[in-house]
Amino acid sequence: MLSTITRRRFLTTTAATGLAALAAPAIVRAAGEPLKVGTYGGYFQESFDKHIYPDFTKDTGIQIESISEPTGSAWLVQLQAAARAGQAPADVSMMTQTANTKGAKEGLWMPLDNAKLENTSVLPEHFVRKYGDGSINAVGAVSWYITLVSNTDVYPEPPTSWKVLWEPQYKDTLGLLAKVDNSFLLEVTAKTWFGGTEILDTDEGILKVMDKLAEVKPNVRLWYRDEGQFQQALQSGEIPMGQYYHDVTGLAAADGEPVRSTFPIEGGILDSGSWCVLKTSKRQDEAQVFINYMCQPAIQAKLSRKVGTAPTVPRDLTDLTDAEFASVSSPIPPIIPRYDLYSTKGDWLNQKWSELIAS
């Protein structure tokens with residue numbers, strides 16, 4: 001039987017380039033100290049160390065010092081403290097979108113020169129975050145999906161829509177992520193029942209969406225924080241349906257477990273990490289070369305193969321096969337989380353979530 005693999009464990013314990021559709025970054029022969037780049041630790045970091053950084057250094061002359069980041073908000077707190085002290089434990093960091101948004105509100109990230117990030121031109125708009133003056137403060141690094149998952153022994157036919165979460169026949173069968181800012185169920189509800197996430201622009205709209213989401217509660221057996229607990233229950237059929245990570249579910253299925261990941265017709269939830277440059281870094285030029293390099297379709301295809309992340313560039317710019325692309329992504333337009341809400345209304349959202357959903 002497959003030992004339990006959570007999303008975080010997958011990124012930290014499991015780990016051919018594609019078509020170079022864009023021009024490679026200009027050669028930069030850098031002197032002095034290496035560029036410090038922070039990523040999630042373990043085998044995720046090792047994959048960058050082995051498959052990405054050596055070629056980057058060969059192509060640009062810029063040496064990389066690989067930094068292992070702690071998970072969650074701990075790295076943001078460390079960067080905030082370092083910036084106040086005028087230090088930079090990493091020049092470039094891979095940040096979650098919530099941490100990225102919080103950092104941008106504080107001006108923690110160095111404004112980047114758009115002209116030196118020409119490869120970002122092929123990224124979807126949501127992967128290029130900007131300050132009010134139009135300067136870039138974050139660029140999509142890697143992405144992954146949360147989808148509708150089910151046990152194939154219990155449900156031989158796959159579900160096709162997020163609407164199944166509300167159907168009475170699934171009473172006491174679901175496992176859903178427990179937090180408002182990691183489940184993204186507000187966005188799922190808004191897209192499924194209200195035509196899009198625009199309804200979340202107002203407090204009144206958010207409460208309307210929460211009321212609709214509350215109708216799911218009789219069907220939920222487990223609001224989970226422990227990903228391994230849900231994965232085990234999904235594989236055994238104890239909790240035969242819910243939301244989970246597409247890549248990890250695919251790994252379990254490939255190992256013979258009776259599970260599947262389905263992209264609903266409304267789209268999977270596309271979460272991601274972004275490259276941000278700390279404002280106290282002294283290596284802006286090298287950092288921009290690095291970020292521009294990472295936006296190349298060939299590099300994104302390599303990450304899909306080696307790490308299991310979804311490409312941040314359109315699929316047709318890569319040389320991923322149908323099977324390789326399906327293992328990490330989908331052509332169905334995704335549901336994009338409203339990270340802005342968790343930054344501007346975080347306390348209020350958590351309070352209402354506790355009162356209306358998680359109670």
Side-chain angles (χ1 to χ4, degrees), residues 7 11 18 20-22 25 37-40 44-45 47-48 51-52 56 69 75-76 90-104 108-114 116-131 134-146 182 184 187 197 245-247 267-278 287-318 320 325 328-340 342-343:
R7 170 71 199 173
L11 285 177
L22 299 182
V37 179
T39 61
Y40 312 127
F44 186 88
Q45 180 185 9
S47 294
F48 277 80
H51 300 294
I52 304 300
F56 171 77
E69 299 178 9
W75 188 237
L76 177 64
D91 300 294
V92 185
S93 294
M94 186 182 293
M95 306 299 297
T96 68
Q97 296 309 319
T98 300
N100 163 25
T101 302
K102 289 179 179 178
L108 189 63
W109 314 128
M110 182 181 292
L112 304 177
D113 186 346
N114 298 28
K116 294 184 178 180
L117 297 172
E118 63 271 16
N119 288 350
T120 64
S121 63
V122 297
L123 270 61
E125 183 178 355
H126 60 266
F127 282 132
V128 183
R129 310 290 288 275
K130 297 181 179 181
Y131 285 124
S135 62
I136 295 173
N137 62 58
V139 174
V142 294
S143 59
W144 55 85
Y145 279 92
I146 301 170
N182 77 342
F184 307 117
E187 292 90 331
T197 63
Y245 297 96
H246 174 69
D247 47 15
I269 304 162
L270 182 62
D271 199 7
S272 60
S274 286
W275 297 120
C276 299
V277 181
L278 193 63
Q288 291 177 149
V289 171
F290 174 79
I291 293 172
N292 197 49
Y293 180 93
M294 294 302 299
C295 293
Q296 292 180 96
I299 302 303
Q300 286 297 313
K302 183 190 292 188
L303 288 172
S304 293
R305 294 183 175 107
K306 300 298 184 181
V307 187
T309 52
T312 58
V313 300
R315 185 257 174 105
D316 60 4
L317 295 182
T318 75
L320 293 171
F325 182 76
V328 297
S329 190
S330 169
I332 300 173
I335 296 173
I336 305 298
R338 289 289 303 270
Y339 302 109
D340 57 312
Y342 308 119
S343 174

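When reading the values below, keep in mind they use all heavy atoms of this one structure, side chains included, and skip hydrogens, waters and symmetry mates. Since we're looking at a predicted model, the values are computed, not measured.
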Partner of I136 by side chain to side chain contact (heavy atoms under 4.5 Å, CB included), out of V277, I291, L112: L112
What pairs with K116 under salt bridge (Lys or Arg N to Asp or Glu O under 4.0 Å), at least two apart in sequence or on another chain? D285
Supply the atom-to-atom distance W75 CH2 to M95 CE, rounded to the nearest 0.5 angstrom. 8.5 Å
Quick check against the 3.5 Å criterion: does Y293 have a side-chain atom that pairs as donor or acceptor with the backbone of I299? no
Contacts of N114 meeting side chain to side chain donor-acceptor pair (under 3.5 Å) (sequence neighbours excluded), chain-then-number -> none
Which donor-acceptor pairs under 3.5 Å do the side chains of residues 267-275 make with protein atoms, sequence neighbours left out?
{"unit_1": "D271", "atom_1": "OD1", "unit_2": "Y339", "atom_2": "OH", "d": "2.6"}
{"unit_1": "S272", "atom_1": "OG", "unit_2": "Q97", "atom_2": "NE2", "d": "3.2"}
{"unit_1": "S274", "atom_1": "OG", "unit_2": "Q97", "atom_2": "NE2", "d": "2.8"}

Contacts of D340 meeting salt bridge (Lys or Arg N to Asp or Glu O under 4.0 Å) (sequence neighbours excluded), chain-then-number -> R338
Considering only heavy atoms from C-beta outward, does the side chain of L123 approach that of C295 to under 4.5 Å? yes
OG1-CG distance between T96 and L76, expressed to the nearest 0.5 angstrom: 7.5 Å
Tell me every residue that passes side chain to side chain donor-acceptor pair (under 3.5 Å) with T312, counting only those two or more places apart in sequence or in another chain. Q300
Could you check whether any side-chain heavy atom of R315 comes within less than 4.5 Å of a side-chain heavy atom of S329, counting everything from C-beta outward? no
Which residues satisfy the side chain to side chain donor-acceptor pair (under 3.5 Å) test with T101, sequence neighbours excluded? R129
Heavy atoms, side chains only, cut-off 4.5 Å: are V328 and T309 in contact? no
